[in-house]
S.K.: 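Quick one: structure below, then a few questions.
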Amino acid sequence: MEKQIKPKAVIVIFGATGDLAKRKLYPSIYRMYRNGKIADFAVIGAARRPWTNETLRENVEASVKDLDMNDQDLQAFSSHFYYQPVDVTQSSSYQDLNHLIQELEGAYQTDGNRVFYLAMAPEFFGLIAKNLKAHGLKEGAGWTRLVIEKPFGHDLPSAKQLNKEIRSAFEEEQIYRIDHYLGKEMVQNIEVIRFANGLFEHLWNNRFISNIQITSSESLGVEERARYYDHSGATRDMAQNHMMQMVALLAMEPPINLTTEEVRSEKIKVLRAMRHIKPDEVDDYFVRGQYGPGEIDGVSVKGYREETDELQHSDTETFVAGKIMIDNYRWAGVPFYIRTGKRMTEKSTKIVVEFRNIPMNLYYEKKEDQHPNLLVINISPEEGVTLYLNAKKDQVGHAEPIKLAYNNNFTDHGINTPEAYEKLLYDCLLGDATNFTHWDEVALSWSFIDAILAGWRKKQPDFPNYAAGKMGPDASDALLKKDGHHWWPIGD
Ligand SMILES: NC(=O)C1=CN([C@@H]2O[C@H](COP(=O)(O)OP(=O)(O)OC[C@H]3O[C@@H](n4cnc5c(N)ncnc54)[C@H](OP(=O)(O)O)[C@@H]3O)[C@@H](O)[C@H]2O)C=CC1
Ligand SMILES: O=C1O[C@H](COP(=O)(O)O)[C@@H](O)[C@H](O)[C@H]1O
């Protein structure tokens, strides 16, 4: 793995006028700059709009204006940005872009290193990759890397096709498939919590763990992305990538070291061990839902089908819950429950590891009151870890749950905890692909998810089946109840 303290590069952002660039990429580049991680760099914003360098710089400044920097420093930062009008379907655009890259490589002494970030609709990914090769843009004097946004395909066949197109132009080592959950501080901490603590790692198996629950709930609806989302649904949008990646990190064996190859290889083994669900078994393992009208924080909100005219008859799921079984020696018999959806009670991403209870109750009046030990990993908005134990409190002879909590949000990281995108972009500049998904991971998770979607296609769903503001349909609770479990609350 290549390591530099301050990597140098020209970063080309395709889709520079779009939402992702504005909301995530410019602030992340700013934070890298502000934190002294990059100095010799130039960013080329590419899109069709007839913007100028000044328009781009104004937009960049506006997108980071809430972050702490004085006007002079802000202008020094935005002066690294250049705009190149580009239509990715036109050959001439790539020639123009190449000239500007070469010019900036000289001006900023970036050693010929190039990052191409595809922040555009996925139908363009293959085309851009091929054109970068055909027009010589990937042949700089230094290294070249291609960052690809989600979604990586719509199912396994389309993902394979996309991969084929990209691989015809770039080597696997040059491809950085973004899953922004892998850049989150507490998702990265899963491995550390597991592998740096004997307390947990010795117990991390089916003898001591009863079940693991991963919830990523959102209170927002589909906002401006209805067209994309309706074609995708919660399962493709969240489960195939972010949720499966978290399961893999929780379930993987300790790698022999922390290199990209070893970490990925252990995650791949987990994905291979996931029990494949036959389409006619889908209801035993997975539940889907779509929100109807409801109330969130005292405010009435519309149902999914009322969000826009196009959604009136939609059967797209806005919620998915599932039970994933990992058929290997460590995890046989331990369900990993996942659930995610839009318009749920609150925005929260949390992992609850429920340990098996002790065999005999000495301290609780009723066995049912006995509280299992829980390890809760708070991914967002709180970042931290909470361990639920039992102890005697206030002179009373019986035990009660107590909690040991560590909150990561308040630690000093210079200017707050780095954003997921900041970390991932920096990793990419360093050539560290550990927190990006390898093609084998993408393929295995699509193959798992495709079977579920195939099962659902056979039956008309009874939507809407949960009111906005709830934690999904009743069937999601029933899924755990039949195993003798229940969802732990996502609040405190
Ligand atoms: N927005 C988000 O929160 C998230 C987005 N993503 C992914 O990021 C990617 C981008 O999403 P988002 O920013 O929301 O999309 P937008 O629709 O906001 O932006 C699309 C961009 O593509 C440019 N574009 C479109 N056609 C062409 C063309 N022929 N040639 C050159 N540029 C073109 C547009 O610029 P112009 O019109 O000026 O040409 C615009 O800059 C998608 O893959 C999405 O799935 C992933 C996670 C979250
Ligand atoms: O990838 C996506 O993630 C977001 C949720 O991300 P988070 O970091 O806010 O938890 C989700 O809203 C979006 O639909 C999906 O495409």
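Just so it is clear, the structure is predicted and the values come from calculations on it, not from any experiment. Both counts, for ligands and for their atoms, begin at 1 and track the order of listing.
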S.K.: Is atom 41 (O) of ligand 1 close to the protein, meaning a heavy atom under 4.0 Å from it?
M.R.: yes
S.K.: Answer with yes or no after comparing the ring centroid distance for Y26 and F81 against a 6.0 Å cut-off, counting only values under it.
M.R.: yes
S.K.: Is there a nitrogen or oxygen of A46 sitting under 3.5 Å from a nitrogen or oxygen of ligand 1?
M.R.: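 Between A46 and ligand 1, no N or O pair is found under 3.5 Å apart.
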S.K.: Assess R167 against W439: is NZ or CZ under 6.0 Å from the centre of the six-membered ring, and within 45 degrees of the ring's axis?
M.R.: no
S.K.: Taking atom CE of M186 and atom CG of N408, what is their separation to the nearest 0.5 Å?
M.R.: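 That separation rounds to 6.0 Å.
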S.K.: Take every heavy atom of F125, measure it against each atom of ligand 1, and state whether any distance is under 4.0 Å.
M.R.: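 Right, F125 reaches ligand 1.
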S.K.: So which protein heavy atom does atom 30 (N) of ligand 1 come closest to, and at what separation?
M.R.: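 Checked against all protein heavy atoms, atom 30 (N) of ligand 1 sits closest to V88 N, 3.0 Å.
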S.K.: So which heavy atom in the protein is nearest atom 25 (C) of ligand 1, and how far is it from that ligand atom?
M.R.: R48 NH2, 3.5 Å
S.K.: Suppose I only count heavy atoms of P122 and a 4.0 Å limit; which atoms of ligand 1 are within that range?
M.R.: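 So the atoms of ligand 1 that pass are 43 (O).
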S.K.: Can you check which of E419, K24, K347, R225 brings a heavy atom nearest to atom 5 (C) of ligand 2?
M.R.: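 Of the listed residues, K347 has the closest heavy atom.
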S.K.: Heavy atom to atom 8 (O) of ligand 1, shortest distance: which of E149, R227, R49, H180 holds it?
M.R.: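 Comparing heavy atoms across E149, R227, R49, H180, the nearest one to atom 8 (O) of ligand 1 lies in E149.
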S.K.: In the protein, which heavy atom is nearest to atom 23 (C) of ligand 1, and how far is it?
M.R.: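 Here the nearest protein heavy atom works out to G15 CA, 4.0 Å.
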S.K.: Would you check if the side chain of T340 reaches a backbone N or O of S216 as a donor-acceptor pair within less than 3.5 Å?
M.R.: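 Yes, the answer is positive, given that a donor and an acceptor are paired below the 3.5 Å cut-off.
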S.K.: Counting heavy atoms only, name the option from K184, K150, E218 that's nearest to atom 11 (C) of ligand 2.
M.R.: E218
S.K.: Quick one: which ligand 1 atoms are inside 4.0 Å of a heavy atom on V86?
M.R.: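 Per the distance check, 30 (N), 31 (C).
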S.K.: Does any N or O atom in L20 lie less than 3.5 angstrom from one in ligand 1, N or O only?
M.R.: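 Yes; the residue has a nitrogen or oxygen that sits under 3.5 Å from a nitrogen or oxygen of the ligand.
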S.K.: Is it possible for you to check whether K184 lies under 6.0 Å from the centre of the six-membered ring of Y181, through NZ or CZ, and within 45° of that ring's axis?
M.R.: yes
S.K.: Can you pull out the closest protein heavy atom to atom 19 (O) of ligand 1? Residue, atom name and distance to 0.1 Å, please.
M.R.: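 Protein heavy atom with the smallest distance to atom 19 (O) of ligand 1: G18 CA, 3.4 Å.
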S.K.: Considering the heavy atoms of H242, write down every atom of ligand 2 situated less than 4.0 Å from one of them.
M.R.: 1 (O), 2 (C), 3 (O)
S.K.: Please write down residue, atom name and distance for the protein heavy atom closest to atom 3 (O) of ligand 2.
M.R.: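 Going atom by atom, the protein heavy atom closest to atom 3 (O) of ligand 2 ends up being H180 CE1, 3.4 Å.
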S.K.: Just to be sure I read this right, does ligand 1 sit under 4.0 Å from the backbone of R23, its side chain, both, or neither, counting only heavy atoms?
M.R.: side chain
S.K.: If we ignore hydrogens and angles and just use 3.5 Å, is the side chain of K267 paired with the main-chain N or O of A248 as donor and acceptor?
M.R.: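 Such a contact is absent between K267 side chain and A248 backbone.
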S.K.: Ligand 1 and Y228, any nitrogen or oxygen pair closer than 3.5 angstrom?
M.R.: no
S.K.: Counting heavy atoms only, which part of M120 comes closer than 4.0 Å to ligand 1: side chain, backbone, both or neither?
M.R.: both
S.K.: Checking the side chain of R194 only, and the main-chain atoms of M252 only, is there a donor and an acceptor separated by less than 3.5 Å?
M.R.: yes
S.K.: Select the closest option to atom 14 (O) of ligand 2 among D237, I379, I178, judged by heavy-atom distance.
M.R.: D237
S.K.: For ligand 2, is any non-hydrogen atom under 4.0 Å from Y181's backbone (N, CA, C, O), its side chain (CB onward), both, or neither?
M.R.: side chain
S.K.: In terms of atom number and element, which parts of ligand 2 are under 4.0 angstrom from non-hydrogen atoms of K342?
M.R.: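 Reading through ligand 2 atom by atom, the close ones are 11 (C), 12 (O), 13 (C), 14 (O).
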S.K.: Ignoring hydrogens and geometry, is there a side-chain-to-backbone donor-acceptor pair from N189 to V192 under 3.5 Å?
M.R.: no
S.K.: Which of the numbered atoms in ligand 1 are below 4.0 angstrom from a heavy atom of K150?
M.R.: 7 (C), 42 (C), 43 (O), 44 (C), 45 (O), 46 (C)
S.K.: Under 4.0 Å from any heavy atom of A119, which atoms of ligand 1 are there?
M.R.: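 With A119 as reference, the close atoms of ligand 1 come out as 9 (C), 10 (C).
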S.K.: Looking at Y426 and P7, would you say the former's side chain and the latter's main chain have a donor-acceptor pair under 3.5 Å?
M.R.: no
S.K.: State whether D237 and K150 are salt-bridged, where the test is any N-O pair (Lys NZ or Arg NE/NH1/NH2 against Asp/Glu carboxylate O) under 4.0 Å.
M.R.: yes
S.K.: Using a strict cut-off of 4.0 Å, indicate which atoms of ligand 1 neighbour a heavy atom of P151.
M.R.: 45 (O)
S.K.: May I ask you to check whether Y466 and F319 place their ring centres under 6.0 Å from each other?
M.R.: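 So the answer is yes for these two rings.
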S.K.: L137 and side-chain contact (heavy atoms from CB on, under 4.5 Å): which partner among T144, I101, V12?
M.R.: I101
S.K.: Check whether NZ of the Lys or CZ of the Arg K138 lies under 6.0 Å from the centre of the six-membered ring of F116 and within 45 degrees of that ring's axis.
M.R.: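 Checked: cation-pi criterion not met.
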S.K.: Within a strict 4.5 Å, meaning less than it, do heavy atoms of the S91 and H135 side chains meet?
M.R.: yes
S.K.: Measuring from atom 29 (N) of ligand 1, which candidate in D19, T17, D87, I148 has the nearest non-hydrogen atom?
M.R.: D87
S.K.: Name the one of R343, E317, R305, K342 that satisfies side-chain contact (heavy atoms from CB on, under 4.5 Å) with Q290?
M.R.: R305
